[in-house]
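All values derive from a computational prediction rather than experimental measurement.
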Amino acid sequence: QVQLVESGGGLVQPGGSLRLSCAASGSTIRLTTMGWYRQAPGKQRELVALITSGGSTRYADSVKGRFGISRDDSKNTVYLQMNSLKSEDTAVYSCYHSRYNYWGQGTQVTVSS
């Protein structure tokens, strides 16, 4: 059974940075598109970023230029570097494994003064 464990979330001030990690177990991420989604209070879950097995990336317009997704297949881990954070980025961020169409439980990111 695949398990995705996110970490790195927390409380930051506007303009700050966080780096989220997603550690996969029970299944390799090799040859698989991985991603990050987020869900804010009262909102539907939305796609933040995708990265293919070849390293191609795609981002939501709202995070372009601020966020960067990366992967280390040897560590079975996906990352999301979040810079210039805004209050609108506040959400639970979940890692996505496309082969299993599966999301982790997520890590809370709160951007507030």
Starting at OH of Tyr59, measure out to CG of Leu80 and round the result to the nearest 0.5 Å.
8.0 Å

Note, Val111 side chain near Val109 side chain (heavy atom, < 4.5 Å):
yes

Taking the side chain as C-beta and beyond, is there a heavy-atom pair between Tyr79 and Asp72 under 4.5 Å?
yes

Between Ser98 and Thr32, the two heavy atoms sitting closest are OG-CG2, 3.3 Å

Between Asn76 and Ser27 (side chain of the first, backbone of the second, donor and acceptor by atom type, cut-off under 3.5 Å), is there such a pair?
yes

For the pair Asp61 and Lys64, find out whether any cationic side-chain nitrogen is under 4.0 Å from an anionic carboxylate oxygen.
yes

Between Val2 and Tyr102 the two heavy atoms that sit nearest each other are CG1-CD2, 3.7 Å

Rounded to the nearest 0.5 Å, what separation is found between the OH atom of Tyr100 and the CD atom of Gln1?
10.5 Å

Please report the shortest heavy-atom distance between Gly106 and Val92, naming the atom on each side.
CA-CG1, 3.8 Å

Using 30° and 60° as the class boundaries, would you call the ring planes of Tyr96 and Trp103 parallel, tilted or perpendicular?
tilted

So, do Ser94 and Trp36 sit near enough that their side-chain heavy atoms are less than 4.5 Å apart?
no

With the side chain counted from C-beta on, respond yes when Ser87 and Pro14 share a heavy-atom pair under 4.5 Å apart, and no when they do not.
no

Could you walk me through whether Thr107 and Ser7 pass the side chain to side chain contact (heavy atoms under 4.5 Å, CB included) check?
CA-CA 6 Å; Thr107 184; Ser7 62; 5.7 Å; no

State, yes or no, whether a side-chain contact exists between Phe67 and Leu85 at a heavy-atom distance under 4.5 Å.
yes

Ignoring hydrogens, what is the shortest heavy-atom contact between Arg38 and Val63? Give both atom names and the distance.
NH1-CG1, 3.9 Å

Do side-chain atoms of His97 reach the backbone of Thr28 as a donor and acceptor pair under 3.5 angstrom?
yes

Can you measure from OG1 (Thr110) to CG (Asp89) and round to the nearest 0.5 angstrom?
11.0 Å

Can you confirm whether more than 12 heavy atoms, excluding those of Glu46, are under 6.0 Å from its CD atom?
yes

Return yes if some donor-acceptor pair links the side-chain N/O of Thr90 with the main-chain N/O of Glu88 below 3.5 Å, else return no.
no

Shortest non-hydrogen contact from Ile29 to Ala24?
CG2-CB, 3.7 Å

Less than 3.5 Å apart, which donor and acceptor atoms pair up between the side chains of residues 16-23 and the rest of the protein, not counting sequence neighbours?
| from | atom 1 | to | atom 2 | distance (Å) |
| --- | --- | --- | --- | --- |
| Ser17 | OG | Asn83 | OD1 | 2.9 |

Side-chain touch Leu31/Arg99, heavy atoms, less than 4.5 angstrom
yes

Do Glu6 side-chain atoms and Cys95 backbone N/O form a donor-acceptor pair below 3.5 Å?
yes

Closest heavy-atom pair, Thr33 versus Arg71, reported as atoms and distance to 0.1 Å, is CA-NH1, 4.4 Å

Does the side chain of Ile69 reach to within under 4.5 Å of the side chain of Leu50, using non-hydrogen atoms?
no

